[in-house]
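In what follows, a structure is listed as structure tokens, so that the remarks can point back to it.
Throughout, a chain's letter reflects where its sequence line sits, starting with A, and its residues are numbered from 1. Remember, it's a predicted structure, so these values are computed and weren't measured experimentally.
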There are 2 protein chains.
Amino acid sequence: MSKKYYSIGEVSEKTGVSVRTLHYYDEVGLLTPAKNEKSGHRQYEEKELITLYKIISFKSLGFSLDRIKELLKETNSTHSLLDAFQLQKEIMLQQMKSLEKNINTLNQTIELLKDKGEIDSTILMSLIYSLQTEDKQKEWLEQYIDKEALDQFYEKIDTKRDDINKGFVEFSEKLKELYGKPVDSPEVMALVEECYQYAMNYIDEDVMEVFAGKVEAEDLENLDFKQLQNIAPSPFTKEEEKWFDQVIEYYMTKYAEQEIDDSNEE
Amino acid sequence: MSKKYYSIGEVSEKTGVSVRTLHYYDEVGLLTPAKNEKSGHRQYEEKELITLYKIISFKSLGFSLDRIKELLKETNSTHSLLDAFQLQKEIMLQQMKSLEKNINTLNQTIELLKDKGEIDSTILMSLIYSLQTEDKQKEWLEQYIDKEALDQFYEKIDTKRDDINKGFVEFSEKLKELYGKPVDSPEVMALVEECYQYAMNYIDEDVMEVFAGKVEAEDLENLDFKQLQNIAPSPFTKEEEKWFDQVIEYYMTKYAEQEIDDSNEE
DNA sequence: TCTTGCACCTACAGTAACGTGAGGATGTAT
DNA sequence: ATACATCCTCACGTTACTGTAGGTGCAAGA
């Protein structure tokens with residue numbers, strides 16, 4: 001035969017794997033060619049080339065070197081290979097989902113930034129965080145709202161993503177501007193009213209009712225809302241939030257009065 | 001105020017980031033809270049909590065900590081954020097493509113393993129490698145075949161993936177079995193004929209002609225085929241390949257004779 | 001008063017899969 | 001013989017953490 005061995009350089013050339021990487025594979029016992037006694041140079045035979053191609057193939061499918069070491073021993077048993085591949089596929093599908101979510105969030109954020117220009121970084125963070133944890137938010141909501149109504153709600157939202165994001169940012173900005181004003185000042189009330197009306201565009205009445213009913217029924221003040229806060233941090237400081245709570249409270253009582261008035265008039 | 005500072009434990013609890021990781025962020029200068037002079041305990045203020053949420057958000061979008069450190073400084077300039085997000089989106093789209101390719105390969109391999117049971121690991125490797133580098137193969141082919149015909153060809157193939165993979169494996173196995181037999185033995189010739197016919201199911205005549213013409217026209221024996229070998233290693237050993245080359249050569253001369261006979265009879 | 005436990009601290013080490021570079025030995029062509 | 005390419009080993013750097021050991025300060029229980 002013209003040539004029995006390949007030098008490490010040749011192997012690197014042929015396969016595109018760096019010399020250092022071949023050293024490393026030798027070091028960890030993944031691919032251990034014989035060595036020339038005198039020079040210590042590595043001598044790769046054809047069977048090792050084939051093994052290397054197997055390694056490259058497995059690696060390209062996302063397996064770790066440790067896993068590959070096992071798989072190389074088991075390549076005769078096709079059954080364990082099948083298992084490994086199916087598992088690996090599940091893992092990659094998971095990764096796909098996560099990537100899709102990220103791209104989605106990035107798309108929405110990019111649209112928003114293009115549209116709005118400057119955005120308070122805290123508000124932006126809050127939005128991104130919220131978009132990224134939407135699944136968990138939905139899970140949380142499923143405790144209180146039945147899945148069907150929720151699915152419907154999210155479907156509706158899905159078509160108006162960019163509008164809603166913009167609304168969220170704008171209301172947050174305006175609220176931050178008004179922070180500190182008396183809770184019963186007309187500007188504040190006007191904004192809250194506007195905000196409420198805006199939200200009502202997207203929230204079905206039945207969803208609202210179910211939720212309102214639950215809120216009164218359960219004592220979720222402590223435990224559960226804390227969990228939600230963890231899932232979706234607000235864009236406001238503690239101070240702002242305190243003020244905002246008062247605003248809401250005032251608005252609710254006023255709103256309740258008006259409701260009574262309305263129903264009396266009917 | 002009831003509470004000015006959060007302890008590291010509280011922050012960890014609130015955000016889900018481990019204490020050790022918070023230590024780490026402090027160490028690398030990503031999030032450096034003040035320290036109590038006496039005890040050395042870290043004291044997180046609300047602004048640092050907000051920063052931490054920003055960090056979490058950016059991290060979930062796939063940014064490195066170094067990049068995040070820069071982004072945190074630039075959060076006021078929305079412009080650089082937009083750039084960063086757009087770049088990040090491109091990166092994630094790339095990753096998506098790569099993942100899709102992997103899942104595709106895994107799916108095909110899984111189907112094949114389910115269908116065939118035992119498969120020679122070298123043949124399997126060759127197939128996987130080939131599936132994973134299909135893009136590069138196509139690029140290589142584009143040098144010789146015009147894109148339109150090629151696209152058409154791949155489209156056709158795409159609908160019959162599993163069949164073709166199975167065919168590839170079976171012909172490879174059979175060829176390996178026959179290795180060593182005389183190149184003009186009837187079994188060998190029958191297999192090659194069968195293989196040729198099988199391939200013709202998928203290769204359009206015009207593609208074949210273009211390619212055949214090119215093969216004669218150019219001297220791509222050396223440079224370019226080496227490149228292809230790098231892209232798609234064969235499932236055969238050097239010895240087997242040598243033998244196979246002879247088989248093909250013999251087949252081609254025989255085929256050429258037959259062609260002449262055929263045209264004479266017409 | 002002792003000690004137990006808890007939350008916190010620092011500091012060192014280890015992970016995966018290499019990249020990079022130093023310093024020296026070997027192979028090959030002229 | 002000399003130049004130059006190629007190879008060797010050794011060892012540190014990278015990313016984003018995680019683990020562990022040994023030590024401090026403080027509050028509650030025996």
Side-chain angles (χ1 to χ4, degrees), chain A residues 2-45 48 51-52 54-72 88 91 95 98 102, chain B residues 3-45 48 51-52 54-72 88 91 95 98:
Chain A
S2 61
K3 217 171 190 186
K4 247 191 132 176
Y5 302 120
Y6 301 98
S7 75
I8 200 169
E10 286 170 325
V11 173
S12 172
E13 185 81 8
K14 263 179 132 58
T15 61
V17 176
S18 77
V19 170
R20 176 60 182 104
T21 299
L22 290 170
H23 281 163
Y24 181 67
Y25 289 171
D26 191 359
E27 195 186 318
V28 298
L30 188 61
L31 185 69
T32 50
K35 283 185 181 181
N36 183 306
E37 288 283 306
K38 284 183 193 169
S39 65
H41 289 196
R42 290 170 179 80
Q43 317 181 128
Y44 291 84
E45 293 177 48
E48 275 138 358
T51 305
L52 180 54
K54 286 182 192 169
I55 292 170
I56 297 169
S57 302
F58 286 139
K59 223 170 71 63
S60 82
L61 290 175
F63 290 101
S64 75
L65 296 192
D66 267 357
R67 197 78 191 80
I68 292 173
K69 216 193 281 188
E70 292 169 24
L71 289 175
L72 285 177
Q88 190 64 13
I91 292 170
Q95 291 179 7
S98 162
N102 289 358
Chain B
K3 220 174 186 183
K4 247 190 130 180
Y5 301 122
Y6 301 98
S7 75
I8 198 168
E10 287 169 324
V11 173
S12 171
E13 184 81 9
K14 262 179 134 57
T15 61
V17 176
S18 78
V19 170
R20 191 62 189 84
T21 298
L22 290 170
H23 281 163
Y24 179 68
Y25 287 171
D26 191 358
E27 196 186 320
V28 297
L30 189 60
L31 185 69
T32 49
K35 285 186 182 182
N36 182 307
E37 288 281 307
K38 283 183 193 167
S39 64
H41 289 196
R42 289 171 180 80
Q43 317 183 125
Y44 291 85
E45 294 178 48
E48 274 136 1
T51 304
L52 181 53
K54 286 182 192 169
I55 292 170
I56 297 169
S57 302
F58 286 141
K59 224 172 67 64
S60 81
L61 290 177
F63 290 100
S64 75
L65 296 192
D66 268 358
R67 198 78 190 80
I68 292 172
K69 215 192 283 187
E70 291 169 25
L71 289 175
L72 286 176
Q88 190 65 12
I91 292 169
Q95 291 179 8
S98 162

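Distance check: A/Thr32 OG1 to A/Tyr44 OH gives 9.0 Å after rounding to the nearest 0.5 Å. A distance of 6.0 Å separates CG of B/Leu30 from CG of B/Leu72, quoted to the nearest 0.5 Å. Going from atom OG1 of B/Thr15 over to atom CG of B/Leu52 covers 4.5 Å, rounded to the nearest 0.5 Å. A/Asn36 CG to A/Gln43 CD: the interatomic distance, rounded to the nearest 0.5 Å, is 5.0 Å. In this structure, the separation between NZ on A/Lys59 and CZ on A/Arg67 is 16.0 Å, given to the nearest 0.5 Å.
Looking at B/Ser60, its side chain does come within 3.5 Å of a backbone N or O of B/Ser57 through a donor-acceptor pair. In this structure, the side chain of B/Glu48 does not engage the main chain of B/Leu31 through any donor-acceptor pair within 3.5 Å. Side chain of B/Glu10 to main chain of B/Ser7: a donor-acceptor pair is present (N/O by atom type, distance under 3.5 Å, no hydrogens or angles).
Distance CD (B/Glu10) to P (C/dC6): 17 Å, rounded to an integer number of Å. At whole-Å resolution of the value, CZ in B/Arg42 and P in D/dG25 are 16 Å apart. Distance NZ (A/Lys38) to P (C/dG27): 8 Å, rounded to an integer number of Å. The nearest whole Å value for the distance from the CD1 atom in A/Ile56 to the P atom in C/dC18 is 11 Å. Atom-to-atom, CG of B/Asn36 to C1' of C/dA7 comes out at 13 Å; the value is rounded to the nearest Å. Taking atom CD1 on A/Ile55 and atom P on C/dA17, their separation rounds to 12 Å, with Å as the unit.
Contacts with DNA chain D (heavy atom under 4.0 Å) in residues 12-30 of chain A: A/Arg20, A/His23, listed by number. Contacts of residues 57-70 of chain A with DNA chain D (heavy atom under 4.0 Å): none.
Remark on the helix from C/dT1-D/dA30 to C/dT30-D/dA1: inter-end axis angle 30°, axes from five-pair C1' superpositions, rounded to 10°.
Between A/Ser7 and D/dT6, a side-chain N or O to OP1/OP2 separation shorter than 4.0 Å is absent.
Within 6.0 Å of the CD atom in A/Glu45, the count of heavy atoms belonging to other residues, nucleotides or ligands exceeds 12.
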Please lay out, stage by stage, how B/Ile68 and B/Leu65 fare under the test side chain to side chain contact (heavy atoms under 4.5 Å, CB included). CA-CA 5 Å; B/Ile68 292 172; B/Leu65 296 192; 4.1 Å; yes
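B/Leu22 and B/Ser12 make their closest contact through CD1-N, 4.0 Å (heavy atoms, listed as atom of the first residue, atom of the second, distance).
Ranked by how close their nearest DNA chain D nucleotide is to the 5' end, A/His41 and B/Ser39 are led by A/His41.
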